Number of protein chains: 2
Amino acid sequence: MDNKTALLILNALAHKTRIEIFKLLIKAGAKGSCPGELAEKLQVPLTTLSFHLHHLKNSTLIEATQKGRQIVYCADFGKIAELIGYLLEDCCGKDVEALIQFFCKTKEKGERPLSTERQSCR
Amino acid sequence: MDNKTALLILNALAHKTRIEIFKLLIKAGAKGSCPGELAEKLQVPLTTLSFHLHHLKNSTLIEATQKGRQIVYCADFGKIAELIGYLLEDCCGKDVEALIQFFCKTKEKGERPLSTERQSCR
DNA sequence: TCCATTTTTCTAAAAATATGGAAATATTTT
DNA sequence: AAAATATTTCCATATTTTTAGAAAAATGGA
């Protein structure tokens, strides 16, 4: 991932409403969600929501498909994975090895590498 | 990591100059770097740089220590690791398992999980 | 103490981003 | 074709962020 895209994505996520939209779309999975539903859940006016959806779409984090008279938005899982890759490679410097070990160590023991308690999106 | 801190950190990284500062500090490692040096490398006026350093420090991504008449800034490696953890847990939903496998698969084969070519910070 | 060095705070102006109502567009239903 | 539904674009306003010069503060050395 190039610097420009990474900045675009970081910028898209760096907003309270937008990161909430993204989390809802991740939670929605492949079936996605539409503006009306999101606006209701987040209690945000439709025009404001539309603005943020456009922002997220422009960042490549989400995709839109017309389905009948609604537009279905889906999170691009690969893009957030790529962003994490970018942060690991470009922003973790020499200690990238340590981080990878962190992510892998409990895996070897057959445990979950990450706690599940806080996972609001599962 | 709570949502508020994650937003603060994402926001701090979502700026061209600031992410460059952060990368330089990661590269500098434990010995850190001072505003004068960073301003010269990035070709940014000192007052502007000071503004961004304050922003990064406020986000908890970097720390400052007075050393003689200079102030030495250091990247907090743990915080970027925590952010990655947050993104994995809160923004990768059901597919977090897939991501971990992605980070672990080549490890098992004794390969580097991430390419080193693009790593500007090593 | 006075001077040089380093960095910050203060400040004002410029630029970018966010908000939400009104109108417009697109699609389906009647 | 008209009405209903879902969403967007247009627009003006408000808010926040960024920029960088000038002055101030902190530290070390002569």
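Throughout, a chain's letter reflects where its sequence line sits, starting with A, and its residues are numbered from 1. Worth saying up front: this structure is predicted, and the values here are computed from it rather than measured.
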For the pair made of [atom1] in [X] and [atom2] in [N], what is the distance, rounded to whole Å?
X	N	atom1	atom2	value
A:Ile71	D:dT5	CD1	C1'	12 Å
A:Glu40	D:dA6	CD	C1'	14 Å
A:Arg69	C:dT27	CZ	P	12 Å
B:Leu46	C:dT8	CG	C1'	10 Å
B:Lys16	D:dT19	NZ	P	11 Å
A:Leu38	D:dT8	CG	C1'	15 Å
B:Leu42	D:dT19	CG	P	12 Å
A:Ile21	C:dA18	CD1	C1'	12 Å

Check this one for me: any side-chain N or O of [X] less than 4.0 Å away from OP1 or OP2 of [N]?
X	N	answer
A:Arg18	C:dA18	yes
A:Tyr73	D:dT8	yes
A:Thr48	C:dG20	yes
B:Gln70	C:dT7	yes

Original post:
B:Leu13 and B:Ile80: side chain to side chain contact (heavy atoms under 4.5 Å, CB included), yes or no, with the steps?
Top reply: CA-CA 10 Å; B:Leu13 288 177; B:Ile80 192 79; 3.7 Å; yes
**OP:** Could you tell me which non-hydrogen atom of B:Ile9 sits nearest to which non-hydrogen atom of B:Met1, and how far apart they are?
**Re:**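 What the structure gives for the nearest pair is CD1-CE, 3.7 Å.
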**OP:** Indicate the atoms forming the closest heavy-atom contact of B:Ile71 with B:Ala64, along with that distance.
**Re:** CG2-CB, 3.9 Å
**OP:** Spell out, as yes or no, whether a donor-acceptor pair under 3.5 Å connects the side chain of A:Arg18 to the backbone of A:His52.
**Re:**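 Not at all, since once roles are kept as given, no pair shorter than 3.5 Å links the two residues.
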Original post:
Which is it for B:Lys23 and B:Lys27 under the side chain to side chain contact (heavy atoms under 4.5 Å, CB included) test, yes or no, and what are the steps along the way?
Top reply: CA-CA 6 Å; B:Lys23 285 185 193 177; B:Lys27 198 155 95 178; over 6 Å; no
**OP:** Would you give the length of the straight line joining atom OH of B:Tyr73 to atom CG of B:Leu25, rounded to the nearest 0.5 angstrom?
**Re:**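 The distance works out to 10.0 Å.
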Subject >> Between A:Tyr86 and A:Asn3, a side-chain donor and acceptor under 3.5 Å >> reply: yes
Original post:
Considering only heavy atoms, which members of residues 49-68 of chain B lie under 4.0 Å from some atom of DNA chain C?
Top reply: B:Ser50
Original post:
Whom does C:dA26 pair with, Watson-Crick or G-U wobble, provided both distances fall under 3.5 Å?
Top reply: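 Base-paired to D:dT5.
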